[in-house]
Number of protein chains: 2
Amino acid sequence: MEDIDYIKENRLEDTGFSYTLNLIGGKYKMQALYAISLNHSPLRYNAMKRLLSPISFKSLTNTLKDLEHSGLIYRKEYPQIPPKVEYGLTDLGKSLIPVLDTICTWGEKQMK
Amino acid sequence: MEDIDYIKENRLEDTGFSYTLNLIGGKYKMQALYAISLNHSPLRYNAMKRLLSPISFKSLTNTLKDLEHSGLIYRKEYPQIPPKVEYGLTDLGKSLIPVLDTICTWGEKQMK
DNA sequence: CAGAATCCTGCGCGATACTG
DNA sequence: CAGTATCGCGCAGGATTCTG
């Protein structure tokens, strides 16, 4: 059995690996999720923009929409003036935190 | 202490999280590393191109160069005709596999 | 304050052709 | 086979303006 044959049985697209990256592989998606996680509570729109700086309004909005449609975060709107919107992790999103933590931990080890 | 203050003490750029993403956050970098890992042995240039399809020559070359400069993979050239070049994981690159595995495992769980 | 709507730009990336 | 070199463009993403 050759290298290539082995890989063929494990087509990259068929693995959970690609599945996950399709959900959080965007430019700011992991950072957005991790920012909420680090904060230990929901974040408001402008707070997220500051944290993900230099992200633009457009990218932030798109990122948040994608994550919401993927069921990883929820959007809670307070009907008041001035408006207030919070973004928090869903249970599914929370289940991703250990994954993001391993990324963080690996980096911390290398930085020393 | 407010939400924001908490985050301020944990600036996203100062965490290992951003450090790691700077190394493997590119469009094909994680996939490239994981492809080598799945194969359990070094991969040749054209084999990688097939696996990362529809990647272009240019992107593949850049991806491999970046990963090599980051010390995550090594490049071994066999001086023969026709040429043969293999890309494998360095020890540092191997240390990332558990991280990539958690990404894969999470995805597999969701796919069911 | 939290976006939506426009316009605009760079450059990431692909396609193709060529070489040792 | 494993790349480089060149060209060109699509579209992700930025900047700005406007609104409930």
Side-chain angles (χ1 to χ4, degrees), chain A residues 2-4 7 12-13 18 21-33 35-36 39 41-70 73-89, chain B residues 2-5 7 12-13 18 21-32 35-36 39 41-70 73-89:
Chain A
E2 285 300 313
D3 294 352
I4 303 304
I7 280 279
L12 223 45
E13 314 89 68
S18 295
L21 286 190
N22 283 338
L23 293 186
I24 62 171
K27 186 172 183 180
Y28 295 105
K29 288 181 184 172
M30 295 192 199
Q31 288 89 335
L33 291 170
I36 302 175
N39 195 53
S41 65
L43 278 168
R44 298 181 63 171
Y45 184 83
N46 275 327
M48 295 217 52
K49 182 164 190 319
R50 254 175 279 123
L51 290 169
L52 300 186
S53 178
I55 197 175
S56 67
F57 288 113
K58 186 176 168 185
S59 287
L60 178 58
T61 299
N62 285 337
T63 298
L64 293 172
K65 268 182 188 161
D66 286 348
L67 292 175
E68 191 190 358
H69 290 151
S70 298
I73 66 174
Y74 64 84
R75 178 183 186 280
K76 183 170 184 184
E77 188 172 348
Y78 297 84
Q80 60 182 44
I81 306 252
K84 174 180 175 182
V85 179
E86 282 183 347
Y87 294 91
L89 297 173
Chain B
E2 285 299 312
D3 294 352
I4 303 306
D5 293 334
I7 280 279
L12 222 48
E13 314 88 66
S18 294
L21 285 190
N22 283 338
L23 294 186
I24 61 171
K27 184 170 181 180
Y28 294 105
K29 287 180 185 172
M30 294 192 200
Q31 288 89 334
I36 302 176
N39 196 53
S41 65
L43 278 169
R44 300 182 62 170
Y45 184 84
N46 275 327
M48 296 217 52
K49 181 161 191 323
R50 254 174 281 122
L51 291 170
L52 301 186
S53 179
I55 197 174
S56 66
F57 287 114
K58 188 176 168 185
S59 286
L60 178 58
T61 299
N62 287 336
T63 298
L64 293 171
K65 270 181 186 160
D66 286 349
L67 292 175
E68 190 189 359
H69 290 151
S70 299
I73 65 173
Y74 66 85
R75 177 183 185 280
K76 182 170 184 185
E77 188 172 349
Y78 296 85
Q80 61 183 43
I81 307 252
K84 174 180 175 182
V85 179
E86 281 183 349
Y87 295 91
L89 297 173

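Chain A is the first sequence line, chain B the second, and so forth, proteins listed ahead of strands; every chain is numbered from 1. Just so it is clear, the values below take in all heavy atoms, side chains as well, and ignore hydrogens, waters and symmetry mates.
- Scanning all heavy atoms of the two residues, the minimum distance from B:Leu21 to B:Met30 falls at CD2-CE, 4.0 Å.
- Heavy atoms of B:Lys65 sit under 4.0 angstrom from primed sugar atoms or phosphate atoms, though from no base atom.
- Aromatic ring orientation, A:Tyr45 versus A:Phe57: parallel (interplanar angle below 30°, classes split at 30° and 60°).
- Residue contacts shown for A:Tyr28 are limited to sugar-phosphate atoms, with no base heavy atom under 4.0 Å away.
- With hydrogens and angles disregarded, a donor-acceptor distance shorter than 3.5 Å links the side chain of B:Thr63 to the backbone of B:Ser59.
- Distance B:Glu68 CD to D:dA2 P: 15 Å, rounded to the nearest Å.
- Here the closest heavy-atom approach between residue A:Pro42 and residue A:Glu86 is recorded as CB-OE1, 3.8 Å.
- Checking C:dA4, D:dA15, C:dA2 against the side-chain heavy atoms of A:Lys58 singles out D:dA15 as nearest.
- Comparing D:dG13, C:dG3, D:dG20 by their nearest atom to the side chain of A:Pro83 picks out D:dG20.
- Checking the phosphate oxygens (OP1, OP2) of C:dA2, no side-chain nitrogen or oxygen of A:Thr61 falls inside 4.0 Å.
- Between the C1' atom of C:dA2 and the CG atom of A:Leu43 lies a distance of 14 Å, rounded to the nearest Å.
- Here B:Tyr87 lies in heavy-atom contact (under 4.0 Å) with sugar-phosphate atoms only.
- For C:dA2, one of the phosphate oxygens OP1 or OP2 lies less than 4.0 angstrom from a side-chain nitrogen or oxygen of A:Arg44.
- Here the side chain of B:Phe57 is nearest to one of D:dG3, C:dA2, D:dG14, namely D:dG3.
- When side chains are defined from C-beta on, B:Lys29 counts as touching B:Leu67, because their heavy atoms get closer than 4.5 Å.
- Checked against D:dG13, C:dA2, D:dC1, the side chain of B:Asn46 finds its nearest nucleotide in D:dC1.
- The phosphate of C:dG12 has neither OP1 nor OP2 within less than 4.0 Å of any side-chain N or O from B:Ser59.
- We find that NZ of B:Lys27 is positioned 9 Å from P of D:dA12, with the value rounded to whole Å.
- Minimum atom distance to the side chain of A:Ser56 is reached by D:dG13, of the listed D:dG13, D:dT6, C:dC1.
- Taking side-chain N and O atoms only, B:Arg75 has a distance below 4.0 Å to OP1 or OP2 of D:dG3.
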